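Below is one structure, written out as structure tokens, with a few remarks after it.
Because only heavy atoms are used, hydrogens play no part in the values below, and waters and symmetry mates are left out as well, while side chains stay in. Computed from a predicted structure; not experimentally measured. Letters A, B, ... are given to chains in the order of the sequence lines, protein chains preceding strands, and every chain is numbered from 1.
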Amino acid sequence: MAQKSWMYSVLEAVQYEMQQDPAMTWIFELTPPVASTPGKPVINLETEFGRKRVVNTGIDEYWMAATVLGASLAGSKSATYIPYQGALMPFELIQNYASKMRHKTGGVASLPAVWIIEMTGQTPGFAQQHSCYEEDSYYMHIPGVRTVIPSTPYDAKGLMHAALRSPDPVVYLYPAGLRTLTGEVPDEPYEVPLDKAAMRQEGSDLTIVSSGGGMPGVLEAAETLTGEGMSVEVIDLRVLKEMDTETLVNSVAKTKRLLTVDQSYYTLGPGAEVVARVAENVEGARFKRVAFPDAPPPASPEMFTWMRPNAEGIAGAARDLA
Amino acid sequence: MAQKSWMYSVLEAVQYEMQQDPAMTWIFELTPPVASTPGKPVINLETEFGRKRVVNTGIDEYWMAATVLGASLAGSKSATYIPYQGALMPFELIQNYASKMRHKTGGVASLPAVWIIEMTGQTPGFAQQHSCYEEDSYYMHIPGVRTVIPSTPYDAKGLMHAALRSPDPVVYLYPAGLRTLTGEVPDEPYEVPLDKAAMRQEGSDLTIVSSGGGMPGVLEAAETLTGEGMSVEVIDLRVLKEMDTETLVNSVAKTKRLLTVDQSYYTLGPGAEVVARVAENVEGARFKRVAFPDAPPPASPEMFTWMRPNAEGIAGAARDLA
Amino acid sequence: MTNEDNAHTLRCDDEGPRSESRRGFLKLAALTGAVVSTTGSRALANGDIGFFAKDLSDEKLINMYRTILRIRWHERTQADQMLTNPDYRGYNHFYAGQEAVATGVCAALRNDGPFDQIDLVYSTHRPSGHAIAKGVDIPKMVAEMDFRATGMNGGYGAEMHISDPSVGFIGADGMVGPGHVTAAGSAFAFRARGSDQVSVAFAGDGTYATPQFHSALNNAKLLDLPFIYVLENNLYHQFAHYSYSCPHKNIADAAAAYGIATEVVDGQDVIQVYNAAKEAVNRARSGGGPTFIEAKTYRYYNHWGAPGAKAGELGAFGYDPLAITSFRPEREVRAWMQRDPVDISRKILVDWGVIDDARAAEIEEEVKAEIASAFEWALSQPLCTPEDGLRHVFAEGTVPARQFG
Amino acid sequence: MTNEDNAHTLRCDDEGPRSESRRGFLKLAALTGAVVSTTGSRALANGDIGFFAKDLSDEKLINMYRTILRIRWHERTQADQMLTNPDYRGYNHFYAGQEAVATGVCAALRNDGPFDQIDLVYSTHRPSGHAIAKGVDIPKMVAEMDFRATGMNGGYGAEMHISDPSVGFIGADGMVGPGHVTAAGSAFAFRARGSDQVSVAFAGDGTYATPQFHSALNNAKLLDLPFIYVLENNLYHQFAHYSYSCPHKNIADAAAAYGIATEVVDGQDVIQVYNAAKEAVNRARSGGGPTFIEAKTYRYYNHWGAPGAKAGELGAFGYDPLAITSFRPEREVRAWMQRDPVDISRKILVDWGVIDDARAAEIEEEVKAEIASAFEWALSQPLCTPEDGLRHVFAEGTVPARQFG
Ligand SMILES: Cc1ncc(C[n+]2csc(CCOP(=O)(O)OP(=O)(O)O)c2C)c(N)n1
Ligand SMILES: Cc1ncc(C[n+]2csc(CCOP(=O)(O)OP(=O)(O)O)c2C)c(N)n1
Ligand SMILES: [Mg+2]
Ligand SMILES: [Mg+2]
């Protein structure tokens with residue numbers, strides 16, 4: 001166990017799995033598979049496993065995703081890291097081809113594929129095309145692909161092990177804004193399950209549900225609210241597909257108040273599904289959603305930071321609801 | 001006014017707008033812009049406007065969508081008909097480039113672009129890749145593009161006029177399963193607004209909300225339920241972006257029961273957004289969603305027709321809820 | 001899975017007793033179906049080098065003939081079902097006319113053995129010929145196409161998604177685009193794990209215009225992948241001539257531009273196709289990178305289903321009701337049918353002394369019977385159970401029903 | 001909008017008094033920066049044909065020199081801001097080193113007049129040079145890059161999305177891919193409405209690998225569009241040499257394969273670039289279809305921002321902190337800086353007798369002052385109003401706030 005950066009935690013899992021399986025491949029475009037953390041050896045997949053297995057490619061994210069799929073269909077576990085600029089380039093391949101592969105073959109296809117898809121860091125100033133967080137909804141609607149989104153280095157490593165060992169294709173969303181987080185992360189391999197939400201804080205007055213890049217703001221708001229005497233339950237979805245309905249319903253059955261927080265657009269953000277599932281199953285509850293407005297993120301830091309949900313806005317919405 | 005087929009109604013609008021604007025272009029791939037209806041002249045855009053303005057292209061739906069965008073940025077109104085097999089091929093172009101164009105330029109871009117995107121007819125036997133209806137959710141999540149989905153020949157024509165006259169880019173979803181519908185459609189041009197849901201039937205016990213290919217089953221179920229003495233309000237969303245929240249909220253404020261029906265997948269189908277918006281605004285209501293399960297559509301007609309929501313299933317869900 | 005060890009056990013796909021050299025028959029073969037033209041890096045010093053069919057056993061040659069017949073009679077039987085049996089629910093994008101392409105290519109591949117040693121084939125929306133040539137179980141395929149629970153894919157996929165990895169048939173693909181890049185991805189995995197397997201993508205002339213065409217070829221070249229792109233240029237994509245979407249006469253020229261080895265072959269002559277495929281496979285296995293084969297061919301039916309066809313007769317003529325603004329001239333169809341792959345392969349075998357006319361006819365009768373019984377078996381198989389639609393979304397379990405609220 | 005009528009009013013972009021022919025200077029010009037090589041359909045009978053710069057007025061030549069200097073001093077001033085002014089928030093993908101490409105190309109275009117008559121330029125993530133060459137208002141561009149409310153795009157877009165349709169600058173594009181196909185779409189509209197406008201896509205060597213490269217070129221050729229693809233090959237995409245993603249030495253070979261006219265030019269010499277662009281524009285306006293120009297060039301800064309740069313000095317050297325596994329050799333950067341586009345253009349003008357060294361230096365001082373005052377104005381402009389982020393989603397109205405529940 002040691003303090004590890006987010007990227008180090010992820011690559012530690014990848015390195016281990018590549019050592020176990022000499023057929024496993026890794027494809028990258030801009031982000032070299034290199035990470036370091038104080039007191040630990042540098043991880044560099046390219047030099048460790050060589051350029052036949054670890055390939056640096058041109059600007060063609062569709063090809064990256066297709067190659068991982070093709071490798072998996074040929075029986076080789078495979079993963080790729082797609083930078084956020086290309087997050088939706090391979091969408092059709094995953095949505096209409098890969099995700100339906102098991103079903104359409106009646107279960108005979110081999111599919112150990114993992115697509116790590118970066119979400120932007122939402123850097124103020126980068127604007128529209130370089131600030132969107134919206135891909136969670138797109139990938140979450142797809143059946144046949146497990147979609148996960150870690151929010152801590154611990155989960156990032158454990159979900160990566162689980163994804164790489166799963167016979168199902170996995171879209172592993174990587175919120176680049178969380179890259180600066182560090183945390184206590186075991187050296188040994190371990191799995192975080194691909195179908196369970198995480199209860200981050202228990203409470204009885206109100207349930208707040210978020211995921212990925214939304215979590216830091218939610219945790220900060222929860223701290224403020226707790227300080228004000230509110231008993232807040234905080235759930236980190238962690239898995240978007242298949243969503244852990246039970247944890248959500250049990251919580252709101254108790255609190256009768258549900259606030260969802262999305263860093264992505266309001267309309268059909270993950271929060272819409274959370275509210276809908278709970279509304280179908282819990283009577284007499286009250287609901288609210290905090291989200292980025294249905295507008296592309298503008299460049300101006302003044303406009304952008306005002307539009308992005310933050311701890312203060314979340315806490316305000318929680319107070320209104322409770 | 002005359003009985004017109006769906007396709008005839010649509011092309012009548014396109015023909016009129018192309019006659020008005022000699023710069024307007026049309027791009028197609030498989031579906032020739034030809035339609036006939038008894039007693040009316042055949043419409044053939046290709047022969048009427050020539051191959052410089054009406055282009056038959058290769059299998060490259062991304063190019064089709066990009067060309068329409070490029071034409072619109074150059075000041076030429078433009079439209080394309082993308083067959084359902086290629087429904088998501090141009091997704092990234094629309095999602096990350098076109099939809100953000102007005103915002104990122106601070107409002108200076110010219111954007112009279114219309115992408116007609118076919119949804120499958122959900123023909124039993126066609127299976128997975130050729131039976132998906134799922135694109136409504138993907139396009140609906142995008143800000144900056146108006147997404148509409150007609151369910152009658154009348155609306156199909158009126159929404160087409162409105163789309164072609166709108167300064168905003170429009171994704172016009174075309175449920176191919178409704179192609180066999182005919183209806184009374186005026187010969188003159190008219191617009192159906194790009195931001196209003198349609199109240200198909202008023203009632204006080206229960207609100208059913210659906211759209212596009214889901215409507216025939218809903219109307220059939222409503223008839224059954226009405227016959228049984230239930231007072232059913234039926235709303236056809238017609239516009240997915242921006243969704244007409246007011247109509248939905250007013251209805252459920254009255255009925256206190258909301259049933260949504262999607263022919264597409266349960267998770268993050270349009271129904272999720274409908275439920276979430278209403279749940280945020282109406283207290284003490286009860287909710288239920290009928291949808292295609294979170295599974296790709298299988299080929300076997302036995303499996304597929306059982307999975308697809310139909311009038312009987314909708315009526316059953318309504319009875320449970322009321 | 002695969003590791004470096006078994007990568008070096010090269011298996012020979014055409015082992016068995018060599019028949020006598022058939023060089024004497026070369027001239028005859030050249031008459032029946034010469035290579036249309038060659039481009040790119042293929043430069044043969046004389047007609048013999050690269051004529052790999054010279055070394056094929058009689059048994060293998062007869063098998064190729066039998067494969068062509070199986071494809072043909074599967075098509076004809078299914079067309080007749082569609083035209084005469086109101087209970088038949090299957091459909092097809094008929095492959096008749098193109099049989100020599102699938103047969104010649106797959107004859108050069110490794111089609112049985114452990115999954116980590118066989119060659120893989122990615123097919124298209126027109127898959128039945130590729131599937132049969134790669135060696136799938138025909139009765140199960142027929143059952144799949146009629147949505148039967150015991151079909152090759154349990155009734156989940158039907159024609160546009162048939163698949164059988166056990167013979168390396170990764171399968172059909174209803175989309176035009178994703179498949180060929182993904183096929184190159186399998187080739188990438190072979191190279192990464194040090195395997196000598198080969199990945200083959202069948203594709204139509206329509207694929208040229210897709211953006212993925214560039215991705216597949218560019219990366220196959222850059223990474224020198226063991227990848228073979230077999231483009232069946234049957235002149236039309238759906239109802240449009242390929243000149244609507246491609247500025248090249250030979251689409252292979254587009255591949256040659258990447259520095260990829262190319263061959264343009266007569267797709268009606270199984271021997272020419274085999275020779276080109278064998279050379280490509282040799283190149284790929286020995287680390288020489290990708291090959292692009294363009295087979296000039298033609299389909300006898302319309303794009304989809306059997307419109308214009310008559311029960312008991314080969315081919316479809318006249319106006320395709322789906323076409324509207326353009327369709328194929330009937331004379332063009334008839335001109336191509338003069339160079340029928342079944343006839344050509346039979347003549348070659350007879351000319352080479354492998355079989356005589358009587359044996360050829362006998363084989364055809366055997367195949368007809370085999371196909372008839374495949375349909376008989378398949379059409380008596382059980383239909384699917386509705387609830388099973390909720391399975392096979394993930395490797396384990398079922399997803400919940402949602403259609404009843 | 002445009003209609004057939006005004007399509008025939010061909011306006012000449014370089015009208016005005018013709019200066020004397022400069023044929024005598026050709027040899028000198030050739031020494032300062034010869035065409036690197038030519039491919040495809042370009043075959044000049046002698047050195048004079050196609051040397052369109054011979055007919056340029058002194059005024060126009062001086063304007064080109066001024067444009068190069070404006071781009072250069074915009075870059076250097078912004079880099080200094082980034083390095084020395086802690087309050088400065090803008091960023092850039094610096095274009096310094098490539099100035100002659102944008103300048104030479106845009107000098108051959110129609111840059112003012114009604115929107116339905118000017119030529120359009122689609123730019124990249126590295127847009128400042130293209131924008132200045134096309135004629136945008138520099139102070140407003142500088143304000144936009146620092147997120148000011150009065151910026152060219154109201155602070156909505158910043159560097160990667162700057163746009164000004166009034167001069168035909170459709171704008172920057174943060175993505176690598178969508179832009180070039182869309183640019184071809186504008187060319188499609190020109191042809192459809194019978195306009196003689198031209199659509200130009202600037203692109204980097206990184207665009208070669210994108211699937212959209214194929215789409216753009218294939219359709220431009222098939223439809224003979226008035227489309228010019230200017231590929232600035234500065235050898236690197238991000239931190240990778242272009243040979244990682246492209247099997248061609250000249251990327252223009254890829255375009256030539258489609259049957260598109262191609263030119264490979266020395267991107268450091270504005271006259272060579274102008275000549276190639278003028279030929280391409282003439283071809284496009286007269287219905288001759290697309291041209292692909294590959295300009296061999298180099299950027300003096302790292303991919304993004306100013307790491308490795310020093311205030312007051314040109315260029316960035318040493319390790320790029322973003323690169324990690326690969327970066328550019330410092331000697332390569334210095335070797336390219338020997339052939340600086342500013343120096344080359346100045347020498348040509350002096351050699352041709354258009355200006356002398358003193359006037360050249362004077363012009364440079366004028367430009368420096370102009371740029372300094374642009375920054376001064378821009379950096380004193382108001383910041384944006386937060387609520388305005390909800391505007392410009394649709395043509396009218398605002399969308400609701402959602403961040404407060
Ligand atoms: C992305 C996409 N767009 C459109 C289609 C519809 N489509 C199915 S087959 C086909 C024509 C294919 O032509 P070709 O590749 O020449 O193969 P052939 O049918 O001639 O065997 C088309 C356009 C599709 N399946 N996928
Ligand atoms: C689809 C997509 N993938 C990745 C990126 C990230 N990216 C931005 S610029 C760039 C390199 C572009 O190189 P090149 O085209 O040569 O232009 P240059 O930077 O050399 O001017 C990359 C990979 C992107 N913007 N879009
Ligand atoms: Mg074809
Ligand atoms: Mg570059």
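- The ring pair (Phe, Tyr, Trp, His ring centres under 6.0 Å) with C:F202 is formed by just one residue from the set C:H125, C:H180, C:H130; it is C:H130.
- When B:P301, B:A317, B:A315, B:P309 are compared by the number of non-hydrogen pairs under 4.5 Å with chain C, B:P301 comes out ahead.
- With chain B as the partner, the residue from C:G151, C:G174, C:A401 showing the most heavy-atom pairs under 4.5 Å is C:G174.
- Ring pair C:Y88/C:F375 is tilted by interplanar angle, where 30° to 60° counts as tilted.
- When each of C:S245, C:C384, C:P178 is checked for heavy-atom pairs under 4.5 Å with chain B, C:C384 comes out on top.
- Remark: aromatic rings of C:Y236 and C:H303 are distant, center separation not under 6.0 Å.
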Test side chain to side chain donor-acceptor pair (under 3.5 Å) applied to C:N85 and C:Q81, step by step: CA-CA 5 Å; C:N85 177 357; C:Q81 284 288 335; 2.8 Å; yes

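- Heavy-atom distances place no part of C:N153 under 4.5 Å from chain B, backbone and side chain included.
- Heavy atoms of C:V176 lying under 4.5 Å from chain B belong to its backbone as well as its side chain.
- Aromatic ring orientation, B:Y174 versus B:Y81: perpendicular (interplanar angle above 60°, classes split at 30° and 60°).
- Chain C forms more heavy-atom pairs under 4.5 Å with one residue of B:A295, B:G58, B:A299, B:G316 than with any other, namely B:A299.
- For C:T398, no part lies near chain B; criterion is any non-hydrogen pair under 4.5 Å.
- Residue C:R148: no heavy atom, backbone or side chain, is found under 4.5 Å from chain B.
- Between chain B and the options C:G389, C:G154, C:P400, heavy-atom pairs under 4.5 Å are most frequent for C:G389.
- For the options B:R289, B:H130, B:R308, B:E312, heavy-atom pairs under 4.5 Å to chain C are most numerous at B:H130.
- Most heavy-atom pairs under 4.5 Å with chain C, from the set B:G313, B:P293, B:P298: that is B:P293.
- Using cut-offs of 30° and 60° on the angle between ring planes, the pair C:Y91 and C:W304 is tilted.
- Using a 4.0 Å cut-off between charged side-chain N and carboxylate O, B:R179 and B:E118 make a salt bridge.
- Contact of B:F126 with chain C is made through backbone and side chain together, with heavy-atom distances under 4.5 Å.
- The aromatic rings of C:Y229 and C:F292 lie parallel to each other, with less than 30° between the two planes, well short of the 60° mark.
- Salt bridge B:K52/B:E46: absent, no basic N to carboxylate O contact under 4.0 Å.
- For C:E387, the parts lying near chain B are the backbone and the side chain together; criterion is any non-hydrogen pair under 4.5 Å.
- By number of non-hydrogen pairs under 4.5 angstrom with chain B, the leading residue of C:H237, C:M175, C:H392, C:M160 is C:M175.
- Residue with the most contacts toward chain C among B:Q128, B:E61, B:K288, B:Q263: B:Q128 (heavy-atom pairs, distance under 4.5 Å).
- Using a cut-off of 4.0 Å between Lys/Arg side-chain N and Asp/Glu carboxylate O, B:R319 and B:E228 are scored as salt-bridged.
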